[in-house]
Amino acid sequence: MLKKFSAFPGVAGPVVVIVMDGYGQPKNEAGSAIAAARKPTLDALFAQCPNISLRAHGTAVGMPSDDDMGNSEVGHNAIGAGQVYAQGAALVANAIADGAIWADDAWKQIVAGAKAGANGKAGALHFIGLFSDGNVHSHIDHLKAMVAQAKVEGVKTVRIHALIDGRDVPETSALDYVVPFEAFLKELSTDGFDARIASGGGRQYITMDRYDANWPMVEKGWHTHVLGEGTQFANATDAINGLRAQHPGTIDQDLPEFVIAEGGKPIGTIEDGDSVVFYNFRGDRAIEITRAFVEDDFAKFDRVRAPKVTFAGMLQYDGDLQLPKRFLVAPPAIKDTSGEWFSKMGFAQFACSETQKFGHVTYFWNGNRSGKFEGETWQEVPSDVVPFEQRPWMKAAEITDAMIAAIKSGQHKILRCNFANGDMVGHTGNFRAATMAIEAVDLALARLLPVIEAAGGVALITADHGNADEMYELDKKTKQPAQNKDGSFKAKTAHTLNPVPLVLFDKVSGGKLGLKQTETAGLSNIAATVANLLGLEKHEKWDESLLEVK
Ligand SMILES: O=C(O)[C@H](O)COP(=O)(O)O
Ligand SMILES: [Mn+2]
Ligand SMILES: [Mn+2]
């Protein structure tokens, strides 16, 4: 059990953690939609309330290096768990570096499955996943290592189904990955080994939906990768060039599906006896397509044909559901999360977001568990299914309504929510829409904070990583927004490496409480800070609290 905190008895009302997804603090405000937004509530918070900056990227959230940006998974894991674990990106890289991945049964079964095939014919080994070095959901180097190893181990046919990124990497960078990769595959395709990209499409167009927001996306992916339906091209380089010509102005993440074919016949449909590796390590956008491959009674869409394959995920994406059963690398064993320990202390907890971030404040927050801890109430507000630059306010108002009702009910001591706007609209690369996204969050805070105050509570306002804080690619040398030849700025759709704020909204302690800016302060310090605000010592596993009691 958590001990009493001697320096502070705890607030009378609720403790609320508000995550403004994608709200970073840039060094340079040029190109920041946050700086450009009209946001009187946030401005007043920063002027009047204790506030510090937190590290939200790189090793501070369990990524392999400090060149890695943060993301929602590692950010919410760190906030919810109060600890930093080596995350999927690092675990997979290590397992490849020391060869442990090849020695594991899962990889052996994948290779054996493809070699055995079906009906007296060897099968193919398929890799489906996000095709970039973003290191948020996947890394192309992992794919490269697996293709090379498959050849060494005697697999004859490899087919890659490439989900084009442009969201964790520059928005039209597809050819930077596709061209060298096709060259790599060609070079490797000797001595009876044949490895090629077989299908693909924009990651926001096919396959990589999350949280049941848009199953037709996954259905489209199934038709592309498994059934081989889509616009046909001779190779993936031609596909990217061809699709760009057919759909001018479409950025990579939104490119439609393509299929590589020879003589009108797709080269990489997925058949009985094949093996399939979904090579993303991150779970949210991997779960739906995984279900389509592994569930016998799958009913989310008509699969038309469900091949009998040996399937593995790069990681296990959901420990509670054991999804999938076969995985190449064990996920981080996240234990003793704040959700679990506050539940054990008998506190009722409330979590709310809209669909796009709902799993972030539930599944990621609770250490990639899809089940609730006792005393938890979760509320999902259905997200729009539209390009978010068309609705930059998203569901900020409805989330606020739900939070206000939950606070007023007096039923929950600890509440958490995520406003998706800064991130989801930031990912579109639309500067104007991103300023509106931040303004919508500001309006939400203007409504929510007085209700928290009236309930005798406090709020910690923070973010999981940056995004809207840099809407243009920065020139590597000048650090100023980079320009296209026509003088326009190069839109940036990815997250940033910037720190995020932590603001303590406290109108109840009479100025007794503050926040300590330490050199290592990061997202994993929030859980202990919440514990102290509740009048409890942190769990021994959690990183230090940042609460200052005067
Ligand atoms: O999945 C996505 O949308 C991006 O790759 C990362 O965004 P998130 O980490 O904020 O979800
Ligand atoms: Mn996020
Ligand atoms: Mn994001």
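Whatever order the structure lists ligands and atoms in, that order sets their numbers, starting from 1. Hydrogens, waters and symmetry mates are skipped; everything else that's a heavy atom, side chains included, is used.
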Can you tell me how the ring of [X] sits relative to the ring of [Y], calling it parallel under 30°, perpendicular over 60° and tilted otherwise?
| X | Y | value |
| --- | --- | --- |
| Phe298 | Phe301 | perpendicular |
| His495 | His427 | tilted |
| His225 | His161 | perpendicular |

- Aromatic contact, Tyr211 with His360 (centres under 6.0 Å):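 Centroid separation for Tyr211 and His360: below 6.0 Å.
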
- Is a donor on one side and an acceptor on the other found under 3.5 Å between the side chain of Arg447 and the backbone of Ala444?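 Between the backbone of Ala444 and the side chain of Arg447 there is no qualifying donor-acceptor contact (under 3.5 Å).
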
Indicate whether any N or O donor in one side chain lies under 3.5 Å from an N or O acceptor in the other, for [X] and [Y].
| X | Y | result |
| --- | --- | --- |
| His465 | Asn498 | no |
| Thr496 | Glu470 | no |
| Thr355 | Glu380 | yes |

- Message: With carbon and hydrogen excluded and only N/O/S kept, which atom of Asp464 is nearest the Mn ion (ligand 2)?
- Response: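 The nearest such atom is OD2.
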
- Only protein N/O/S atoms count here: give how many lie under 2.8 Å from the Mn ion (ligand 3).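 There are 4 of them.
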
- Query: In order of chain and number, which residues sit within 4.0 Å of ligand 1 by heavy atom?
  - Reply: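 Around ligand 1, where the cutoff is 4.0 Å for heavy atoms, the contacting residues are Asp21, Asn71, Ser72, Val136, His137, Arg167, Asp168, Arg203, Arg210, Arg282, Arg285, Lys357, His360, Asp423, His427, His465, His495.
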
- Can you name the one residue among Phe373, Trp542, Phe350 that meets ring pair (Phe, Tyr, Trp, His ring centres under 6.0 Å) with Phe342?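 Result for ring pair (Phe, Tyr, Trp, His ring centres under 6.0 Å) with Phe342: Trp542.
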
- Item | Residue from Asp284, Asp318, Asn77 passing side-chain contact (heavy atoms from CB on, under 4.5 Å) with Asn368 |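 Among Asp284, Asp318, Asn77, the one that satisfies the side-chain contact (heavy atoms from CB on, under 4.5 Å) with Asn368 is Asn77.
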
